[in-house]
Amino acid sequence: MKKSAFVLFAAIMISSGIFAQDISEDGHLTAAHDGTPGGIVIITDDVPLPDTPDYTCDLRMQVGGIEFGDFDRDGDLDLAVGCYHSQSYPPYDDWRNFVLTNNNGQLESSPSWWSADMRSTTDVRWADFNGDNYPDLFACNGDFSFDNSVIYFGSYNGLAANPGWLANDNTWTLCAAPFDYDDDGDIDVATANQGANDDPFRPIYIYVNDGSGLPTTPSWQSNDQMITNFLKWGDMTGDGWYELAASKWVNFQSAVYGNNEGVITGSPVWTSGSTRGDKGIGWADIDGDYYPELAIGATQPTWLFDNTEGQLGQTPIWESNNSFHGCQDLAWGDIDGDGDPDLATVHFSTGSLRLYLNVNGVLESSPSWEYDGNASGTALAFGDVNGDGMLDLAMGQSGTPSVLVFLNTLQTAVDPELQQPKENSLSLNYPNPFNSSTAIRLELAESGPVSLEIFDLLGRRVEVLADYNLSAGIHDFIWDAKNRPSGIYYCRMVTSGRIETRRLALLK
């Protein structure tokens, strides 16, 4: 920020009674707050979320990223929180990472795990990088000092407080996307990066796991260099190989890098056609045609690009309709339990958390539900906190409280008798990719014998979920794959006159 602009901003803060200033984890965005909580805007009554959070973590921290994962393997979801450092006012003197442990459906009020180091973390992701079946925590680090990204390894004794792996890449990393993109049975990780000062640009990196763990230097890098904010893997073409989508900052077009049977293209195979400054990106099949659409957030309206038989369009088919934009992060989740993905976004400058319902394959253009916080919105995550089978929504902030959780008010899933299927079908599993367990839904137009089986890539049957008569209606099954190695599997449904197969990606 130029000096003259800062002086003007400071004058506005004083005259307006604003007493806090927050800077985003990449240094791009600035927000000012007077400490007054915003209101709740309920546009429809179809979103099963409360007006106020059911849980808050009242630590004053700058949250860069949050993600649910069962790090202690007790059957419920814990919440990892990564914290960053900036020149915000008043200053933040603690930017350690922490985990909020879930005890029987309730997140603890104070963290029971803290990292021993402070490295300015912009994102956190759970994955089993060393193949020991214990989740590890990847922390994306940076700041102007180019703090190393690290991995805190999980074990029988819990999550290590000191990192056991440090990246050697001389970069400011903003996001990580762990996934077995080359389908060799172990977890690789892609990172979104930027530089600093007179050297602002960096490639996208991939650290390729050879079975013995991640290398400390990148194994692959994109041909182009830029500022990349977020990454997500998704099977755009439907061929079983996952492409890499990247949201990029101003002067660069968000893009998709192709996957040719485990080889990522160095240059994009699709670009958005805009250099508006994007943050947040995510794949989801919103219209049920088995080809995922791509949502991209920005300082302007959030966009959705349609996927027609493996090809993304060049013109958005949907955009958010709000009085203020500025998406910091986005995520997909079936919040209303109707079987299709809904879109959530969080906004830095206003601290707004917004949710757009998917109604018959079309997103509502105006928010279906909105919460306005009293601090800068930085991150969000879906997860079933209380174990009732419905997704809850967590939000990270820069300030106090640092974490908020809204519990889903739906008591049960949709009654199958209210939606009698017209034909037998096998839905896409959720989540996918998944860690340890995933939900698989069958829809049966009439009662009869059903076979539901899981196969590996070699065609070997590894699990039988059903092999008996089922009544007409909707039936949900959970595949618990905690004892299976990471990789690609296939779920096959056989009913009278119909066979369907779906691809499942197990990521540990």
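The structure displayed is predicted, hence computed values, not measured ones.
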Quiz item: Do N251 and I227 have side chains that get closer than 4.5 Å, going by heavy atoms?
Solution: no
Practice problem: Return yes when atom CD of Q314 has more than 12 non-hydrogen atoms of other residues, nucleotides or ligands closer than 6.0 Å, and no otherwise. | Solution: yes
Practice problem: Mark yes or no: R484 above the aromatic ring of W479, with NZ or CZ under 6.0 Å from the six-membered ring centre and no more than 45 degrees from the axis. | Solution: no
Exercise. Determine, step by step, whether S120 and D147 satisfy the side-chain hydrogen bond (donor to acceptor under 3.5 Å, both in side chains) criterion, reporting the C-alpha distance in whole Å, the side-chain angles of both residues, the deciding distance to 0.1 Å, and the verdict.
Key: CA-CA 7 Å; S120 192; D147 292 341; 5.0 Å; no
Quiz item: For residues D476 and Y430, is any side-chain donor paired with an opposing acceptor at under 3.5 Å?
Solution: no
Self-check item: Donor-acceptor pair, side chain of S320 and main chain of N322, under 3.5 angstrom
Solution: no
Practice problem: Apply the test side-chain hydrogen bond (donor to acceptor under 3.5 Å, both in side chains) to residues Y257 and D224: give CA-CA distance (whole Å), side-chain angles for both, the deciding distance (0.1 Å), then the verdict. | Solution: CA-CA 11 Å; Y257 296 81; D224 46 348; 2.8 Å; yes
Exercise. Taking N193 for its side chain and T191 for its backbone only, find out whether a donor-acceptor pair lies under 3.5 Å.
Key: yes
Quiz item: Mind checking whether D128 and D136 have side chains closer than 4.5 Å, heavy atoms only?
Solution: yes
Quiz item: When the ring planes of Y242 and F179 are compared, do they come out parallel, tilted or perpendicular, using 30° and 60° as the limits?
Solution: tilted
Practice problem: Starting from the C-alpha separation in whole Å, work towards a yes-or-no answer on side-chain contact (heavy atoms from CB on, under 4.5 Å) for N133 and K482. | Solution: CA-CA 7 Å; N133 291 323; K482 64 177 179 292; over 6 Å; no
Quiz item: Do N435 and L507 have side-chain heavy atoms sitting under 4.5 Å apart?
Solution: no
Quiz item: When the ring centroid of F71 is compared with that of W113, is the distance short of 6.0 Å?
Solution: no
Quiz item: What class does the angle between the rings of Y371 and W369 fall in, given that below 30° is parallel, 30 to 60° is tilted and above 60° is perpendicular?
Solution: parallel
Quiz item: Below 4.5 Å, heavy atoms only, C-beta onward: do D285 and E293 meet side chain to side chain?
Solution: yes
Quiz item: Which atom pair, heavy atoms only, marks the closest approach of L159 to Y152?
Solution: CD1-O, 3.2 Å
Quiz item: Looking only at heavy atoms, what is the nearest atom pair of W172 and G195, with distance?
Solution: CE3-O, 3.6 Å
Quiz item: How far apart are the closest heavy atoms of S368 and V47, and which atoms are they?
Solution: CB-CG2, 3.6 Å
Quiz item: Taking C-beta and beyond as the side chain, do L231 and L244 meet within less than 4.5 Å on heavy atoms?
Solution: yes
Exercise. Using only heavy-atom distances, determine whether the side chains of S267 and N223 contain a donor-acceptor pair under 3.5 Å.
Key: yes
Quiz item: Is there a side-chain contact (heavy atoms from CB on, under 4.5 Å) between V385 and L79 once you walk through the steps?
Solution: CA-CA 9 Å; V385 175; L79 187 62; over 6 Å; no
Practice problem: Salt-bridge test for E500 and R498: reply yes if a basic N is under 4.0 Å from a carboxylate O, no otherwise. | Solution: yes
Practice problem: For the residue pair N141 and S149, confirm or rule out a side-chain donor-acceptor distance under 3.5 Å. | Solution: no
Quiz prompt | Heavy-atom side-chain contact between N209 and Y207 under 4.5 Å | solution = no
Exercise. Examine W332 together with F382 and report whether their ring centres are nearer than 6.0 Å.
Key: no
Practice problem: For N360, look at atom CG and say whether over 12 heavy atoms of other residues, nucleotides or ligands are found less than 6.0 Å away. | Solution: no
Self-check item: Residue pair N307 / L294, side-chain heavy-atom distance below 4.5 Å
Solution: no
Quiz prompt | Derivation and outcome, side-chain contact (heavy atoms from CB on, under 4.5 Å), residues S272 and W270 | solution = CA-CA 7 Å; S272 66; W270 177 90; 3.8 Å; yes
Practice problem: Give a yes or no on whether the backbone of M236 and the side-chain of W283 come within a donor-acceptor separation of less than 3.5 Å. | Solution: no
Practice problem: Sequence neighbours left out, what passes ring pair (Phe, Tyr, Trp, His ring centres under 6.0 Å) with Y181? Give chain and number order. | Solution: W233
Exercise. Taking all heavy atoms of C83 and all of N97, pick out the closest pair and write down the distance.
Key: N-OD1, 2.9 Å
Quiz prompt | L343 and T302: CA distance, side-chain angles, deciding distance, side-chain contact (heavy atoms from CB on, under 4.5 Å) verdict | solution = CA-CA 10 Å; L343 180 64; T302 299; 4.3 Å; yes
Practice problem: Would you mind reporting whether W95 and Q62 have side-chain heavy atoms less than 4.5 Å apart? | Solution: no
Quiz item: In terms of side-chain heavy atoms, does T438 have a donor or acceptor partner in N429 at a distance below 3.5 Å?
Solution: yes
Self-check item: Validation row, ring centre W318 to ring centre Y356 under 6.0 Å
Solution: yes
Exercise. Indicate whether the side chain of D239 and that of T237 have a donor and an acceptor atom separated by less than 3.5 Å.
Key: yes
